[in-house]
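Written below as structure tokens is the structure these notes are about.
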Amino acid sequence: MTAPLLAVRGLSKSFGGVRAVDDVSFVLAAGEMLALIGPNGAGKTTCFNIASGQLVPDAGSVLLGGTELVGLRPDQIWRQGVGRTFQIAETFASLTVVENVQLALLSNAGRIFGFWQSARSQFRAEAVALLDSVGMAAQADRATSVLAYGDVKRVELAIALAHRPRLLLMDEPTAGMAPRERNELMALARKLSREQSIGVLFTEHSMDVVFAHADRIIVLARGELIAEGSPEAVRDDAKVREVYFGGGTTFAGAATAGHA
């Protein structure tokens, strides 16, 4: 059996007397889209932030390709091949689309320039190629500040890909987007995941996005993992329905109303 790209084992984290994450374990394969969902206060954000190095767990292990990430700083984890997008897109509005990606490529190459003017010619072809992969090459020289929000999220994805990540963490990637935009973005993420063998771990409030684009789903409640499996299996899981809706209602009838 092929070893998983990401292996989370026995993860626990408390804040005061509150057990935010309680002995959570799961794996993620290269090229797989794994959704991490749960009702408010389930512990998914804590779990997500531990994986990215924003928090240090009280116990447990986070292995990326066999390398322990627990104890590393976020920048060290980034160097291990972990990319991240955020709920609120992080781009430089004062720069053009291509310049945003060029800066990411310069950072990845470890180059520091005293003057941005001297860096404008660096990695342009590579930046345009990345923008092409997310459908934004035609807007390369537009100011990022004038883009529609869905296009800004595509630029953010290109920035994350500039590091050639093995693992991509997407925190509420479709927040603030219209239904068509969010499904287009996640379909793009799924395509890139397959083509580049990138493992994608994402949190998401929109259940239509989760069930349409995840290969597998893990569900947290009160810090504990209560269900794991295919979208079909999780949709039909009685315990999951109880946690979300008090039983009876199915995700099929609440695809756009559920909150992860």
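Between the R9 side chain and the S25 main chain, no donor and acceptor come within less than 3.5 Å of each other. Remark: side-chain polar atoms of T174 are not paired, donor with acceptor, to backbone N or O of M177 under 3.5 angstrom. A donor-acceptor pair under 3.5 Å links the side-chain atoms of N183 to the main chain of P179, judged by distance alone. A donor-acceptor distance shorter than 3.5 angstrom exists from the side chain of T203 to the backbone of E172, with no hydrogens or angles considered. At distances below 3.5 Å, at least one donor-acceptor pair connects side-chain atoms of S133 with backbone N or O atoms of L130.
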Would I159 and T91 satisfy side-chain contact (heavy atoms from CB on, under 4.5 Å), going step by step from the backbone distance to the final call? CA-CA 9 Å; I159 290 170; T91 58; 3.9 Å; yes

Decide yes or no on side-chain contact (heavy atoms from CB on, under 4.5 Å) for L5 and L64, but give the supporting numbers first. CA-CA 6 Å; L5 172 67; L64 177 67; 3.8 Å; yes

Before you tell me yes or no, could you show the steps for S12 and D23 under side-chain hydrogen bond (donor to acceptor under 3.5 Å, both in side chains), namely the whole-Å CA-CA distance, both residues' side-chain angles and the distance that decides it to 0.1 Å? CA-CA 5 Å; S12 295; D23 195 25; 5.1 Å; no

Verdict with reasoning, V134 to L192, per side-chain contact (heavy atoms from CB on, under 4.5 Å): CA-CA 9 Å; V134 299; L192 293 170; 4.1 Å; yes

Before you tell me yes or no, could you show the steps for V210 and M186 under side-chain contact (heavy atoms from CB on, under 4.5 Å), namely the whole-Å CA-CA distance, both residues' side-chain angles and the distance that decides it to 0.1 Å? CA-CA 9 Å; V210 170; M186 294 309 291; over 6 Å; no

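With sequence neighbours left out, R180 forms a side chain to side chain contact (heavy atoms under 4.5 Å, CB included) with E184. In terms of the side-chain hydrogen bond (donor to acceptor under 3.5 Å, both in side chains) criterion, T85 has no residue partners (sequence neighbours excluded). A search for side chain to side chain contact (heavy atoms under 4.5 Å, CB included) contacts involving K239 returns I226, D237, not counting sequence neighbours. Under the side-chain hydrogen bond (donor to acceptor under 3.5 Å, both in side chains) criterion, R79 pairs with no residue, sequence neighbours left out.
Two residues are said to be in side-chain contact when any heavy atoms from C-beta on lie closer than 4.5 Å; V243 and V219 fail this criterion. With a 4.5 Å cut-off on side-chain heavy atoms, T46 and F15 count as touching. Using a 4.5 Å cut-off on side-chain heavy atoms (C-beta onward), I217 and V240 make no contact. Using a 4.5 Å heavy-atom cutoff, the side chains of E224 and R19 are not in contact. Within the 4.5 Å cutoff, side-chain heavy atoms of R166 are placed close to those of Q80. The side-chain heavy atoms of F26 and R216, taken from C-beta on, include no pair separated by under 4.5 Å. Side chains of L161 and I198 form a contact here, defined as non-hydrogen atoms less than 4.5 Å apart. Looking only at side-chain heavy atoms (C-beta outward), L168 and S193 stay at 4.5 Å or farther from each other.
Applying the side chain to side chain donor-acceptor pair (under 3.5 Å) test to residues at least two apart or on different chains, the pairs with a partner in residues 145-158 are Q139-D151. Identified under the side chain to side chain donor-acceptor pair (under 3.5 Å) test for residues 49-66, with sequence neighbours left out: N49-R84, S52-R84, S61-E68.
The side-chain contact (heavy atoms from CB on, under 4.5 Å) test with V97 singles out one residue from L131, V128, V152, and that residue is L131. When each of T67, V82, V62 is tested with I77 by the rule side-chain contact (heavy atoms from CB on, under 4.5 Å), just one qualifies, namely V82.
Summarising the geometry, atom CZ belonging to F202 is positioned 9.0 Å from atom CD1 belonging to I37; distances are rounded to the nearest 0.5 Å.
Salt bridge R190/D215: present, at least one basic N to carboxylate O contact under 4.0 Å. Electrostatic pairing of K44 and D171 does not count as a salt bridge here, judged by no charged N lying under 4.0 Å from a carboxylate O.
The nearest pair of heavy atoms linking A214 to P231 is O-CG, 3.3 Å. Residue N108 comes nearest to H163 through the heavy atom pair OD1-ND1, 2.5 Å, listed as atom of the first residue, atom of the second, then distance.
Looking at T144 and N100, their side chains do bring a donor and an acceptor atom within 3.5 Å of each other.
L188 and M170 fall within the same hydrophobic cluster, defined by Ile, Leu, Val, Met, Phe, Trp and Tyr side-chain heavy atoms under 4.5 Å apart, directly or through other members. Under the 4.5 Å side-chain heavy-atom criterion for Ile, Leu, Val, Met, Phe, Trp and Tyr, W78 and V200 are members of distinct hydrophobic clusters. Two different hydrophobic clusters hold L63 and I50 under the rule that ILVMFWY side chains link at heavy-atom gaps under 4.5 Å.
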